[in-house]
Amino acid sequence: MAILSTLEVCLEDGFVYAILAMGFYITFSILDFPDLSVEGTVLTGGVTCAVLAEMGVNPYVAMILAFVIGCLAGSVTGLLHVKLGIRPLLSGILVSTGLITVNLVAAVVGNGGSFSGDGALSNVTIARSSPTIFRVFPFTLLPETVAQVNLRKLVSFFVIALIVKLLLDAYLKTKSGLLLFATGDNAQFTTMLAKDPGSSKILGLALGNGLAALSGALIAQSRGNANQGMGLGMIVIGIASVIIGLSVFGKLRFMKPTTMVILGSVIYQACLGVASILGVPSAYNKLIMALLFTAALVLSGRLGRKKQEA
Amino acid sequence: MLELQDITKKFMKGTPDETTLFDHFCFSVQKGDFVSVVGSNGSGKTTMLNLICGTYQPDEGKVLFEGKDISRLPEFKRAAFIGRVFQDPKAGTCSDLTILENMALADNKNKPFGLGRGVNKKRMDYYRSLLENCNMGMENRLQTKVGALSGGQRQALALVIANMTELKLLILDEHTAALDPKSSERIMQLTDRLIRESGITALMVTHNLRFAIEYGNRLVMMHQGQVVLDKAGEDKKNASVDDLLTVFNSISIESGN
């Protein structure tokens, strides 16, 4: 039974983090922008969703708002980089650092506190009676658990990841989506099309962070709270999932990159699951993550070199 | 149609290494001209193109286009009427996108890039006909990623793409320099044909003195931020590579090269 429940956790986390990873697919893979602001925006999404849930807002509205706020945070990263000429890594660090305060204040105020900002009650707990996607239509049509597997959670995460994937696929086929690829590949080309490559970058970063926030909103609903440590390690999870997915399945021409990213995310979580089955204490998780990330980077580097040799 | 007025451009401004490339430089191009520009490295040819395209802004002076001052217009806005083909064949196309996607993007130039379908399959025959003109076998490879093409093919594609929307000025920045002799010859012929067909005004920087002599109706030689030779019409037709080399060498000796 331990294996079954581990598998369940791997799939659940795999789907939730796949949304985050699809965000990184836009910023890291398409735009070639290592976006560190995500560490802050995941939590911002979580806090937004948790606070709204406590106010009794419909969870789908809360998730859309979390997405929008994530987009705003991402545009700030983009503006810092494009308009002020700050390097990508630093722009991300600036935004994620600034968001620490934003998240704290939002959490405190969300808990009914004042702006004193002493950090008390920095966690927002979603009460058992507050609306989450597990407690409103349509996923309430599903039985909550089947054979001790939390079916409702698993299916809802899968469906939401799938919807995000389909929407993203559709978007990437539009003119605006194609321009995003062009900007990441060759910004000069975008300039030659009489379009500002900076605007395209800002748009991509907005979308990437919007998806990160959406993923944070789901995590908060699943855990029943948004706490200040939620963002830690998100960059590694996201980028590693993208790299694993694209390097393992990259040669399959029929498969869409977004599908590869989702599978990459599940594989990544499965590796962590295997470690836990083998009895590795969870304190080692972050170290394992870093090692997996290194392995993924080396693997993709090797594939890249092979391509060049061919 | 294009006029550089009293341009001053300094590099490494405010440092001990400050150099002045252009000091009250003036240059103009008439509508319908095809100007070839030659000159040694560091003579200011590419900087001039960068000033025209908006990659750099002048420290002083104005860039006038059809009488309008465009000196402060950002590069991407100038691209609406100025097309540019670079020396590096990779610069004019996107390697990760297919030929079709590259052309579809170019086809949408000067229109909004919204949520409409990126690639319009109905336009494929049109794209094929444009590629057929290049005679490089690209017309049957629309779904190929541009990264898989040869330098010559990519440059031909870049040229076609630059000319897909109506332009007022075409800038050719040593666009045959990175190619083998045969490819560069083909690209030059293709360039000439495209320019003749559309009657577009063109400015070509080249290190190939023969191309500079053979093509275009005006020939300019630059040196240390100044025009040292400017031949048009009959004068240009009678010029030979040897004449150019003589001037070139005398300049080089002067500057101690």
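In what follows, chains are A, B, ... by sequence order, proteins preceding strands, each numbered from 1.
Other residues, nucleotides and ligands contribute more than 12 heavy atoms inside 6.0 Å of the CZ atom of F249(A). More than 12 heavy atoms of other residues, nucleotides or ligands shown are found within 6.0 angstrom of CZ on R72(B). Annotation for R193(B): atom CZ counts as buried by contact number, over 12 foreign heavy atoms lying within 6.0 Å. The local environment of CD in Q57(B) is crowded, with over 12 non-hydrogen atoms from other residues, nucleotides or ligands closer than 6.0 Å. Taking a 6.0 Å sphere around NZ of K165(A), one finds it holds more than 12 heavy atoms contributed by other residues, nucleotides or ligands.
Heavy-atom distances place the side chain of N108(B), and not its backbone, under 4.5 Å from chain A. The contact between I82(B) and chain A is made entirely by backbone atoms, counting heavy-atom distances below 4.5 Å. For chain A, the nearby part of F86(B) is the side chain; its heavy atoms alone come within less than 4.5 Å. When heavy atoms are compared at a cutoff of 4.5 Å, P112(B) approaches chain A solely by way of its backbone atoms N, CA, C and O.
For the side-chain contact (heavy atoms from CB on, under 4.5 Å) criterion with D185(A), the lone passing option out of N102(B), T93(B), D96(B) is D96(B).
Using a 4.5 Å cut-off on side-chain heavy atoms (C-beta onward), L105(B) and F181(A) make no contact. A 4.5 Å side-chain heavy-atom check between E101(B) and L178(A) finds at least one atom pair inside the cut-off.
Put simply, of A80(B), C53(B), S95(B), G83(B), the one with the most heavy-atom pairs under 4.5 Å next to chain A is S95(B). For the options R78(B), K111(B), R84(B), heavy-atom pairs under 4.5 Å to chain A are most numerous at R84(B).
Proximity of a side-chain donor or acceptor of K175(A) to a complementary backbone N or O of A104(B) within less than 3.5 Å is not detected.
The shortest heavy-atom contact between F113(B) and K195(A) is CD1-CE, 3.4 Å. The nearest pair of heavy atoms linking T191(A) to A79(B) is O-CB, 3.1 Å.
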- Worked verdict on Q188(A) versus K90(B) for side-chain contact (heavy atoms from CB on, under 4.5 Å): CA-CA 10 Å; Q188(A) 184 68 45; K90(B) 291 190 182 80; over 6 Å; no
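In this structure, CZ in F76(B) is found 11.5 Å from OG in S200(A), a value given to the nearest 0.5 Å.
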